[in-house]
Amino acid sequence: MKTIEMETDVLVVGGGTAGPMAAVKAKEKNPKLKVMLLEKANVKRSGAISMGMDGLNNAVIDGHATPEQYTKEITVANDGIVNQKTVYAYASNSFKTIEQLDRWGVKFEKDETGDYAVRKVHHIGTYVLPMPEGHHMKKILYRQLKRARVEVVNRVVGTRILMDSEGKAAGLMGFDCRTGDFVVIRARAVILCCGAAGRLGLPTSGYLFGTYENPTNAGDGYAMAYHAGAELANLECFQINPLIKDYNGPACAYVTGPFGGYTANNRGERFIECDYWSGQMMWEFYQELQGGKGPVFLKLDHLAEETIADIETILHTNERPSRGRFHEGRGTNYRQKMIEMHISEIGFCSGHSASGVWVNERAETTVPGLYAAGDMASVPHNYMLGAFTYGWFAGENAATYVGESAIAAIDPAQIEAERARIAAPLGRTDGIPPSQLEYKLRRMANDYLQPPKVTRKMELGLERFGEIGEDIDHLTAADPHELMRAMEVQHIYDCALMATHASLFRQESRWGLYHYRVDYPERNDDEWFVHCHLRKTADGRMESIRRPVEPYILPLDEDEKTAYQRLRIVKQAATA
Amino acid sequence: MTYATQRTSVPVKVDEDKCIAQKGCTVCVDVCPLDVLAIDMVKGKAFMKYDECWYCLPCETDCPTGAVHVDIPYLLR
């Protein structure tokens, strides 16, 4: 195993959505800096928006919404446990990001007067801006990376943050998944943009890579931040999504809702007032299944031909374009049949829920020199536009930080230890292949962690995970590609432990289905109106702590507070 | 420990008449997020080496000769 050493000023890890923006903005802030963008795949087609995106789900555009209103809505949608400053920082800069993307060539839907054609999907406000031609997104980002002269390094997998003797981030260690070379990159600031932990639960199809998230997003960022000593927030607020059964992509009520599509039960009836993804919405979805009114469907078959043709064009060319051939294989034509849905496997993702590496409104984690943005950073319901906006914050702030901070000495023992950890699976000729270990680990995550969460089950889960943890010392890898899976499965293992610890710690129920604990079925604001953070102690233990919710900068009105607790449609009693 | 080999029907199909990997093309291999494609050096053609597909389609979309077709993996179909 060769060792390759590299050096840069700002290192961005992950070239999906937030990462390219962070790299470009760091370079713009200080063109003299060396900025490196590291990607385990290839930045041309990596991350959650590999094939583009069909719209912005949280555009805050003057005349349609205000930053204040958006911040309040997300506060309510996330059951009050929100650092409003972070959401408000996003909302106040949302339009600036849209204008930047527009100048770069991203095409948004506009009306006949040239104004953005914003649609309503959320319960209260209007924030959805379609991008019918959003499949060009990655090309546009790539062009900007080249123009800004960002150094791009593809096919290198990060495994641990390099730390200096003062506890500051000082680079990253990993390996090349093509050659197997050990890679050490020294940097003066590190920005993690590694996406969601999307390979935690096992899809019901049983196919390891049939996940909702791009499966490259295996929770690498969560695990690396944890081992660097950063605090993670609200991990018990799982990501669980309503998806197309088996295909496991979004059915896309956000796209179809404004056209008249809606979520329906097996009688074809609406049962929720609002299709925006929240814990409460997933709770009602789950209740419908449990109550014998499932499956749940996305209903489009009542719409006019030209409307359905428009929907098909958008959904079959963007984000997950292979859904067209999936539907064709099962004879699902939107004109005649509703689209069967189900509840996804669990994961971490702040883009949709609130589980992430804790960051403030400057995208700083609790570790000096370490930043995070996108799905893995703790700003709730941040979606793609939030990833771009926080990538922007992270890039600019990291560029400023490296001007002021110097790296202290680096203990070479950590480099040697990581080299040995990475080399181990390649050196074993006998043992367990990563695919088998991953299958077992993720099946157990389903068995013991999928809500409703039961204390006894989660305790048993810890026992099973403990046994699987011992098997990690027997992982084998036949080639550098399999080594990538062997290192990823260790990230998934860390995430499974974090998910269990965080879920056991919060002894109440909150966020609808995301954290429904059968042993503590009620929401308990007196004791649990707090953030729960998780971190690694100096002696290597996993520790959960309470952090007070930061004082609201935008207090909620009484009628707003319960808006997301009334999602079920209440039928009027028939009059005699 | 001994290992069994298990046959698997893979989702990514390459039309070898159209594939121009022998001329040095590696587009599909380059763009795959999961890095599951490879070039068979003897045949000079691309093929799916690891059954780890997200059926996301960059390989099919970006192939300059239309040689790649992605099916939904059998377990999901």
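Naming convention: chains lettered A, B, ... in sequence-line order (proteins, then strands); numbering from 1 in each chain.
- Ranked by heavy-atom pairs under 4.5 Å with chain B, the list A:Pro321, A:Ser46, A:Gly47 is led by A:Pro321.
- Exactly one residue among B:Asp30, B:Val29, B:Val31 makes a side chain to side chain contact (heavy atoms under 4.5 Å, CB included) with A:Asn42. That residue is B:Asp30.
- For the residue pair A:His342 and A:Asn248, a side-chain donor N or O sits within less than 3.5 Å of a side-chain acceptor on the partner.
- Between B:Asp35 and A:Arg155, at least one side-chain N (NZ, or NE/NH1/NH2) sits under 4.0 Å from a carboxylate O, which counts as a salt bridge.
- Per-residue heavy-atom pair counts under 4.5 Å with chain B were compared for A:Asp430, A:Val43, A:Asp246, A:Thr429, and the maximum is reached by A:Asp430.
- Scanning residues 135-142 of chain A against chain B with a 4.5 Å heavy-atom cutoff picks out nothing at all.
- In this structure, B:Pro33 and A:Thr216 have side chains that are in contact, with non-hydrogen atoms separated by less than 4.5 Å.
- Per-residue counts of heavy-atom pairs under 4.5 Å with chain B were compared for A:Gly249, A:Pro203, A:Gly210, A:Ser435; the largest is that of A:Gly210.
- Heavy atoms closer than 4.5 Å to chain B are found in the side chain of A:Arg485, but not in its backbone.
- Within a 6.0 Å radius of NZ in B:Lys13, more than 12 heavy atoms belonging to other residues, nucleotides or ligands are found.
- The residues A:Arg199 and A:Glu345 are annotated as not salt-bridged, no charged nitrogen and carboxylate oxygen being separated by less than 4.0 angstrom.
- Both the backbone and the side chain of A:Thr211 have a heavy atom closer than 4.5 Å to some heavy atom of chain B.
- Heavy-atom distances place no part of B:Tyr74 under 4.5 Å from chain A, backbone and side chain included.
- Among A:Thr204, A:Asn154, A:Asn214, A:Ile432, the residue with the largest count of heavy-atom pairs under 4.5 Å with chain B is A:Asn214.
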Decide yes or no on side chain to side chain contact (heavy atoms under 4.5 Å, CB included) for A:Val13 and A:Glu39, but give the supporting numbers first.
-> CA-CA 6 Å; A:Val13 189; A:Glu39 168 57 54; over 6 Å; no
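- Looking at B:Asp62, the atoms closer than 4.5 Å to chain A (heavy atoms on both sides) all sit in the side chain, from C-beta outward.
- Here A:Tyr247 and B:Tyr55 bring their ring centres to under 6.0 angstrom of each other.
- For the options B:Cys53, B:Cys56, B:Pro73, heavy-atom pairs under 4.5 Å to chain A are most numerous at B:Cys53.
- Interface remark: A:Glu328 contributes no atoms to any contact with chain B (heavy atom separation under 4.5 Å).
- Proximity to chain B (any heavy atom under 4.5 Å) is restricted, for A:Asp479, to the side chain, taken from C-beta onward.
- The choice from B:Val70, B:Asp71, B:Leu34 that makes the most heavy-atom pairs within less than 4.5 Å of chain A is B:Leu34.
- Under the 4.5 Å side-chain criterion, counting only non-hydrogen atoms from C-beta, A:Cys177 is not in contact with A:His481.
- A:Ile468 places a side-chain heavy atom less than 4.5 Å from the side chain of A:Leu441.
- Taking 4.0 Å as the cut-off between side-chain N and carboxylate O, A:Arg325 and B:Glu60 count as a salt-bridged pair.
- Between chain B and the options A:Met484, A:Lys245, A:Glu482, A:Glu213, heavy-atom pairs under 4.5 Å are most frequent for A:Glu213.
- Remark: A:Asp220 engages A:Lys40 in a salt bridge, criterion side-chain N to carboxylate O under 4.0 Å.
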